[in-house]
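Chain A is the first sequence line, chain B the second, and so forth, proteins listed ahead of strands; every chain is numbered from 1.
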There are 2 protein chains.
Amino acid sequence: MAKTTTRRSTAADRDRDTEQRILDAAHAVFLRRGTAGARTQEIADEAGVNKALLHYYFRSKDRLAEAVFARTMRGLFPPLLALLGSDLEIEEKVRRFVAFELDALAKNPYVPAYLIAEMNQHPDRVPQLVKSLTGLEIAGVVPKVRAVLQKQIDTRMKARTLRPIAAEQFVVNLISLCIFPFAARPLLCAALQLDAKGFQKLIEDRKTALPRFFLDALRP
Amino acid sequence: MAKTTTRRSTAADRDRDTEQRILDAAHAVFLRRGTAGARTQEIADEAGVNKALLHYYFRSKDRLAEAVFARTMRGLFPPLLALLGSDLEIEEKVRRFVAFELDALAKNPYVPAYLIAEMNQHPDRVPQLVKSLTGLEIAGVVPKVRAVLQKQIDTRMKARTLRPIAAEQFVVNLISLCIFPFAARPLLCAALQLDAKGFQKLIEDRKTALPRFFLDALRP
DNA sequence: GTCTATACTCTGATAGAC
DNA sequence: GTCTATCAGAGTATAGAC
């Protein structure tokens with residue numbers, strides 16, 4: 001895909017730029033229309049190029065979709081895994097996780113619904129992607145994070161400074177509480193009669209209410 | 001759509017049956033393919049009828065999609081609103097909500113991802129649908145439920161038998177914790193290395209872990 | 001690398017017989 | 001009400017000039 005000649009790179013740079021522009025455009029269109037609902041024409045328009053170029057750089061719509069999916073996953077999860085696997089206190093992990101996640105999603109509100117739709121339509125793509133999330137480690141980073149977390153919980157449990165909880169349930173609860181409101185935003189807005197501003201307020205409130213709620217659940 | 005003649009109904013019944021069969025087929029196909037990814041041919045096949053009949057009963061794919069969306073929403077939320085608006089104790093509401101929801105979704109695992117994708121693609125359809133969820137009440141049932149819940153919380157709060165929490169956050173947390181794991185199932189299965197059986201186990205565990213977690217968060 | 005033009009497939013929708 | 005046959009349009013993908 002990238003040029004292999006050693007030419008002084010103005011051309012190579014432009015190649016890269018174009019490929020990048022297409023990827024950015026595809027990203028935007030896939031996220032707002034969904035993969036099946038997206039049209040290659042719209043992507044080409046948004047990238048300021050011709051449809052044929054999409055096929056020059058990415059062989060098909062399907063491959064382009066795969067690239068965008070991978071890119072979106074990679075943008076969201078590695079920082080969170082790094083955080084959960086760190087040696088910070090549980091309480092601090094929860095606070096930072098919520099803060100980071102709510103901020104990131106407020107800036108990219110389409111991400112949750114897109115990822116959910118996409119992973120359910122192509123469940124086969126998920127496992128290999130998860131494995132490669134933070135590099136090429138054989139053992140995979142996810143089980144390691146889980147082990148770190150479980151050990152941390154067990155220690156605190158024995159010291160009677162934390163209620164017992166399985167590491168899986170801990171993580172599932174945490175990401176559910178952060179991500180779901182964005183995924184179901186239209187429903188929440190309709191049910192609670194919120195406009196864009198009101199939803200923003202709801203999320204703002206959650207930034208303080210959520211860590212409190214979560215940590216209260218774990219406090220003995 | 002339905003016959004208006006007063007004929008003795010064998011024919012009218014068959015009409016109804018066919019319409020119902022088409023709707024059932026559309027329901028199944030839309031849920032597993034997503035609305036944009038679904039093909040009318042596949043729906044016709046699944047209903048055992050010809051494509052032309054879809055247009056006879058429902059004018060277009062779009063209207064059929066709307067009908068399925070409404071049907072799915074109506075199947076999921078009214079019982080939950082009734083529960084939350086009832087005069088049961090908070091604790092009992094939480095327990096029953098979790099039990100009901102996890103059971104319902106275990107039987108219909110595609111529902112969350114489908115609804116999320118659909119409501120984000122057609123946010124305009126949601127408000128009118130929410131209004132008509134339990135009938136034709138002018139005031140709407142949702143604000144009423146919210147008021148009931150908030151009053152209940154306030155009373156318990158003053159009696160120091162419950163931590164303060166806004167009714168909105170209460171509800172958002174509850175549905176997030178119940179629904180999200182199903183919506184993100186492929187991701188959870190890949191990350192936690194679960195097969196179908198393992199996921200089932202995770203949900204089974206949640207039936208007891210979730211009410212405990214949630215009520216611990218509210219216990220003073 | 002980038003464009004124009006076009007081929008080909010698929011899909012939603014309709015016409016009309018029964 | 002239900003079917004067969006068919007259309008018009010849209011969509012992805014490719015060929016070939018520059």
Just the rounded figure in Å: distance from C1' of D/dG11 to CZ of A/F30. 13 Å
Is the closest basic N to carboxylate O distance between B/E118 and B/R125 below 4.0 Å? yes
Would you please name every residue forming a ring pair (Phe, Tyr, Trp, His ring centres under 6.0 Å) with B/F199, sequence neighbours left out? B/F182
Contacts of B/E168 that satisfy salt bridge (charged side-chain N to carboxylate O under 4.0 Å, His left out) - sequence neighbours left out: B/R146
How long is the line joining CD of A/E19 and C1' of C/dT2, in whole Å? 15 Å
A/D62 CG to C/dT9 C1', straight-line distance once rounded to whole Å: 16 Å
Whole-Å distance between C/dG16 C1' and B/Y56 OH? 15 Å
Among residues two or more places apart or on two chains, list those pairs meeting ring pair (Phe, Tyr, Trp, His ring centres under 6.0 Å) that have a residue in residues 17-53 of chain A. none
D/dT2 OP1/OP2 closer than 4.0 Å to side-chain N/O of B/Y57: yes
Where the side chain of A/T18 is concerned, which of C/dA13, D/dT2, C/dT2 is the nearest nucleotide? C/dT2
Below 4.0 angstrom, which residues in residues 35-53 of chain B have at least one non-hydrogen atom near DNA chain C? B/A38, B/R39, B/T40, B/K51, B/A52
Would you say B/H55 reaches C/dT14's phosphate, i.e. side-chain N/O to OP1/OP2 under 4.0 Å? no
Got a sec, which residues hit ring pair (Phe, Tyr, Trp, His ring centres under 6.0 Å) with B/F170, two or more places apart in sequence or on another chain? B/F214
Expected list for residues 103-116 of chain B: side-chain donor-acceptor pairs under 3.5 angstrom, two or more places apart:
residue: B/D103; atom: OD1; partner: B/K207; partner atom: NZ; Å: 3.1
residue: B/N108; atom: ND2; partner: B/A104; partner atom: O; Å: 3.1
residue: B/Y114; atom: OH; partner: B/F69; partner atom: N; Å: 3.4

Rounded off to whole Å, could you give me the CZ-to-P distance for the B/R59 and C/dT14 pair? 7 Å
Separation of D/dC3 atom C1' from B/I22 atom CD1, nearest Å, is 13 Å
Nearest whole Å is fine: how far is C/dT14 P from B/K61 NZ? 15 Å
